[in-house]
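Here is the structure we will look at.
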Amino acid sequence: MLEREFERIYFRFRLLHYRELFSPRCAKDGSLSANEACSAEVIFLLDHPTIKEFANFLKISQPNATYKVNSLIRKGYVVRETSSKDRRESRLTVTEKFLSQYGCNSSFIRGMMDNIHAKFTPEEIEQLERMMKRVADEALS
């Protein structure tokens with residue numbers, strides 16, 4: 001059944017992500033707690049949000065969001081950048097420090113892609129890519 005298989009893939013991605021998130025090889029002095037890592041990842045995935053956009057997405061208060069962001073800024077994982085269009089607005093951007101640690105969390109994707117390329121024909125890969133694009137587009141609409 002499609003729903004069950006989609007759920008299996010989704011849960012598998014989540015499990016592998018959390019395993020990597022808590023992996024000792026990703027933990028360093030000054031590394032992020034799981035909550036901070038999730039907050040930084042949301043900022044990354046929202047692609048330069050304002051604090052208000054970040055708060056609204058997580059459905060948390062703006063003071064709570066500001067607290068989370070300030071902690072990430074202090075640890076060097078996020079910076080505030082003043083908008084060139086409106087100097088009153090600032091956008092949140094993850095730093096290279098975050099991106100280097102975030103790379104630890106994506107190693108399971110590289111492994112999965114290696115397996116797909118090894119086990120699927122080029123035609124199957126092309127079809128899978130088209131279908132995944134459509135699913136991703138639908139998920140965002």
Side-chain angles (χ1 to χ4, degrees), residues 1-122 124-141:
M1 178 183 267
L2 176 62
E3 290 82 3
R4 187 175 7 185
E5 294 307 317
F6 188 85
E7 190 175 71
R8 279 184 60 221
I9 290 172
Y10 175 68
F11 289 162
R12 181 77 173 148
F13 278 153
R14 288 176 64 189
L15 278 172
L16 292 170
H17 174 71
Y18 291 128
R19 182 175 68 191
E20 292 295 321
L21 182 64
F22 291 101
S23 166
R25 70 184 180 81
C26 289
K28 300 173 188 160
D29 190 32
S31 66
L32 299 173
S33 69
N35 192 317
E36 290 169 327
C38 288
S39 294
E41 186 172 10
V42 167
I43 290 168
F44 173 70
L45 294 171
L46 288 175
D47 195 23
H48 309 302
T50 63
I51 288 181
K52 183 177 181 178
E53 291 167 343
F54 172 67
N56 288 345
F57 180 81
L58 293 178
K59 298 183 186 322
I60 61 176
S61 69
Q62 200 157 340
N64 188 2
T66 300
Y67 176 81
K68 290 177 184 301
V69 167
N70 286 341
S71 175
L72 293 169
I73 290 171
R74 273 193 304 280
K75 290 186 173 187
Y77 290 92
V78 170
V79 294
R80 274 191 191 99
E81 294 180 341
T82 304
S83 171
S84 58
K85 296 177 184 173
D86 183 350
R87 309 268 317 147
R88 297 170 295 174
E89 179 182 88
S90 62
R91 297 252 167 213
L92 304 172
T93 304
V94 295
T95 63
E96 284 300 318
K97 184 176 182 180
F98 168 79
L99 292 173
S100 68
Q101 187 168 335
Y102 189 72
C104 293
N105 297 332
S106 64
S107 64
F108 72 93
I109 292 175
R110 284 191 304 275
M112 180 176 280
M113 290 300 104
D114 290 345
N115 284 336
I116 286 173
H117 284 285
K119 295 177 181 178
F120 289 75
T121 67
E124 289 172 321
I125 292 170
E126 186 178 320
Q127 182 179 10
L128 179 61
E129 182 178 0
R130 280 194 314 271
M131 292 172 69
M132 290 182 75
K133 181 179 181 337
R134 286 178 62 191
V135 169
D137 290 346
E138 287 297 317
L140 295 174
S141 57

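What's counted below: heavy atoms across the whole structure, side chains too, no hydrogens, waters or symmetry copies. Computed from a predicted model, the values in this text were never measured in an experiment.
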(request) Please name the pair of heavy atoms, one in S61 and one in A55, separated by the smallest distance, quoted to 0.1 Å. (result) O-CB, 4.0 Å

(request) Evaluate side-chain contact (heavy atoms from CB on, under 4.5 Å) for V94 paired with L72, printing each intermediate quantity in order. (result) CA-CA 9 Å; V94 295; L72 293 169; over 6 Å; no

(message) Let me confirm one number: the CZ-CZ distance from R8 to R4, rounded to the nearest 0.5 Å.
(response) 9.0 Å

(message) So, taking the atom named CZ in R80 and the one named CG in L92, what distance separates them when rounded to the nearest 0.5 Å?
(response) 6.5 Å

(message) Going by the rule salt bridge (charged side-chain N to carboxylate O under 4.0 Å, His left out), which residues pair with E53 if we only count those two or more places apart in sequence or in a different chain?
(response) R91

(request) Applying side-chain contact (heavy atoms from CB on, under 4.5 Å), run through Q127 and R130 and close with a yes or a no. (result) CA-CA 5 Å; Q127 182 179 10; R130 280 194 314 271; 3.9 Å; yes

(message) Between V42 and C38, does the side-chain contact (heavy atoms from CB on, under 4.5 Å) criterion hold? Intermediate values first, please.
(response) CA-CA 6 Å; V42 167; C38 288; 5.5 Å; no

(message) Considering only residues two or more places apart or on different chains, which pairs with a residue in residues 112-122 satisfy salt bridge (charged side-chain N to carboxylate O under 4.0 Å, His left out)?
(response) none

(message) Does this structure show an ion pair linking K133 with E129, if we count only N-O contacts that are shorter than 4.0 Å?
(response) no

(message) Under the rule for side chain to side chain contact (heavy atoms under 4.5 Å, CB included), what residues qualify as partners of D47, not counting sequence neighbours?
(response) none

(request) Drop me the distance from I125's CD1 to L128's CG, to the nearest 0.5 angstrom. (result) 8.0 Å

(request) Could you list all the ring pair (Phe, Tyr, Trp, His ring centres under 6.0 Å) pairs where at least one residue sits in residues 49-73, not counting sequence neighbours? (result) none

(request) Report the relative orientation of the aromatic rings in Y77 and F98; use parallel for angles under 30°, tilted for 30 to 60°, perpendicular for over 60°. (result) perpendicular

(request) Look up atom CZ in F44 and atom OG1 in T95, then write down how far apart they are to the nearest 0.5 Å. (result) 11.5 Å

(message) For the CE atom of M113 and the CZ atom of F120, what is their distance to the nearest 0.5 Å?
(response) 9.0 Å

(request) Taking the side chain as every heavy atom from C-beta outward, state whether I9 and E5 have any atom pair closer than 4.5 Å. (result) no

(request) For K97 and K75, indicate whether the former's side chain and the latter's backbone hold a donor-acceptor pair under 3.5 Å. (result) yes

(request) Could you list the residues that satisfy side-chain hydrogen bond (donor to acceptor under 3.5 Å, both in side chains) with N64, not counting sequence neighbours? (result) none

(request) Locate the shortest heavy-atom distance separating A40 from L32; write the atom from each residue and the value. (result) CB-CD1, 4.2 Å

(request) Would you please name every residue forming a side-chain hydrogen bond (donor to acceptor under 3.5 Å, both in side chains) with E81, sequence neighbours left out? (result) T93

(message) On a heavy-atom basis, which atom in K68 and which in N35 lie closest, and how many Å separate them?
(response) NZ-OD1, 3.4 Å

(request) Output the distance between atom CD1 (I51) and atom CG (N56), rounded to the nearest 0.5 Å. (result) 12.0 Å

